[in-house]
Amino acid sequence: GAVVSQHPSRVICKSGTSVKIECRSLDFQATTMFWYRQFPKQSLMLMATSNEGSKATYEQGVEKDKFLINHASLTLSTLTVTSAHPEDSSFYICSARDVHRGHTDEQYFGPGTRLTVT
Amino acid sequence: GENVEQHPSTLSVQEGDSAVIKCTYSDSASNYFPWYKQELGKRPQLIIDIRSNVGEKKDQRIAVTLNKTAKHFSLHITETQPEDSAVYFCAASINNRGAAGNKLTFGGGTRVLVKP
């Protein structure tokens, strides 16, 4: 199947600083990518839909000024957590569909980024 | 928007027994229903999926059934093995062919423990 990578895999930052997480589709072009957040022992919650060349669409309750999304190319979306606080500590996962691969419905997930804010 | 509920939240079975996880969804327009297995600290892995034009799908020890009228779908794992222990998530989405912006709504997850 298609491959999605994320970088970094884990990051520790101090409260008040910003952290950037990258999501890349390695062998396909992704006009749309999705960003999820997963707290310990909880489900994946969609934060936003990242659209190449246009603004991201945020889910209700997600602050767009705090979670900045940039989808500057067909293979890269970035999520920047600005002014991070301990409550932002979570597992952040991105995903994308390869709509050109035989009409598959499957979404391909990145390996996730563990963010810890101290 | 779509709401997906999943039961049970935890499931303990003896090795060799079957495990069943059930999900309900709210949006009758949803047409794609994947199931994921997630191990601690890892990405969700697709184990089986079904589209709304199919009532049942099977892949070796794993099967999924869909009842569109009742808006519920279930995962069945037969002959469970210790390596089946993980968290399982159901999800639903409205998938349009060729369109990439079809977001998944996840159920709350089921922690499955297979005891040897």
Side-chain angles (χ1 to χ4, degrees), chain A residues 1-6 9-10 23 25 28-52 54 56-61 71 74 77 90-114, chain B residues 1-10 21 23 25 30-54 57 59 64 66 86-113:
Chain A
V3 180
V4 175
S5 71
Q6 275 183 249
S9 58
R10 57 180 64 234
C23 177
S25 55
F28 67 101
Q29 294 182 334
T31 56
T32 301
M33 292 183 174
F34 303 95
W35 286 97
Y36 296 87
R37 179 168 54 182
Q38 186 176 30
F39 292 110
K41 297 187 177 181
Q42 292 189 25
S43 186
L44 284 81
M45 296 299 294
L46 180 67
M47 299 175 66
T49 302
S50 172
N51 303 299
E52 188 268 336
S54 66
T57 305
Y58 290 83
E59 295 299 301
Q60 193 171 9
H71 195 148
L74 288 171
S77 174
S90 188
F91 194 48
Y92 291 86
I93 309 175
C94 66
S95 73
R97 280 180 69 206
D98 181 4
V99 298
H100 301 296
R101 191 182 293 260
H103 302 292
T104 180
D105 290 303
E106 184 175 355
Q107 280 203 22
Y108 299 97
F109 286 86
T113 297
R114 173 75 58 194
Chain B
E2 175 68 282
N3 181 48
V4 178
E5 295 195 357
Q6 184 172 344
H7 298 281
S9 56
T10 59
I21 304 171
C23 289
Y25 61 99
S30 289
N31 61 0
Y32 175 62
F33 307 93
W35 284 89
Y36 295 92
K37 176 183 181 182
Q38 188 181 32
E39 296 177 351
L40 190 62
K42 307 280 186 170
R43 77 186 87 194
Q45 289 194 309
L46 179 71
I47 56 172
I48 196 167
D49 56 6
I50 192 168
R51 282 190 67 90
S52 58
N53 58 347
V54 176
K57 185 176 177 181
D59 182 4
V64 56
L66 171 65
V87 180
Y88 292 80
F89 292 99
C90 63
S93 76
I94 303 170
N95 272 17
N96 300 314
R97 295 291 190 192
N102 307 303
K103 55 186 183 181
L104 286 168
T105 300
F106 283 82
T110 298
R111 188 170 300 274
V112 174
L113 174 64

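Chain letters run A, B, ... following the sequence lines, proteins first, then strands; residues in each count from 1. Every heavy atom of this structure was used, including side-chain atoms; hydrogens, water molecules and symmetry mates were not.
- Using a 4.5 Å cut-off between heavy atoms, A:F91 contacts chain B through its side chain alone, with no backbone atom that close.
- Side-chain contact between B:P44 and A:I93 is present, with at least one heavy-atom pair separated by less than 4.5 Å.
- Distance alone, capped at 3.5 Å, places no donor-acceptor pair between the A:Q107 side chain and the B:L46 backbone.
- Proximity to chain B is absent for every atom of A:Q60, based on heavy atoms less than 4.5 angstrom apart.
- Between A:L44 and B:Q38 the shortest side-chain heavy-atom distance falls below 4.5 Å.
- Both the backbone and the side chain of B:L104 come within contact range of chain A, judged by heavy atoms closer than 4.5 Å.
- By the salt bridge (Lys or Arg N to Asp or Glu O under 4.0 Å) test, B:E5 is found to be paired with no residue, residues two or more places apart in sequence or in another chain being considered.
- Minimum interatomic distance between B:Y32 and A:E106 (heavy atoms only, all atoms of both residues): OH-CA, 3.7 Å.
- With sequence neighbours excluded, the residues that form a ring pair (Phe, Tyr, Trp, His ring centres under 6.0 Å) with B:F106 are A:Y36, B:Y36.
- Residue with the most contacts toward chain B among A:Q42, A:R114, A:M33, A:Q38: A:Q38 (heavy-atom pairs, distance under 4.5 Å).
- No donor-acceptor pair closer than 3.5 Å links the side chain of A:S43 to the backbone N or O of B:G109.
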(request) Start with the C-alpha distance between A:Q6 and B:R43, add both sets of side-chain angles, then the distance that settles side chain to side chain contact (heavy atoms under 4.5 Å, CB included), and finish with yes or no. (result) CA-CA 11 Å; A:Q6 275 183 249; B:R43 77 186 87 194; over 6 Å; no
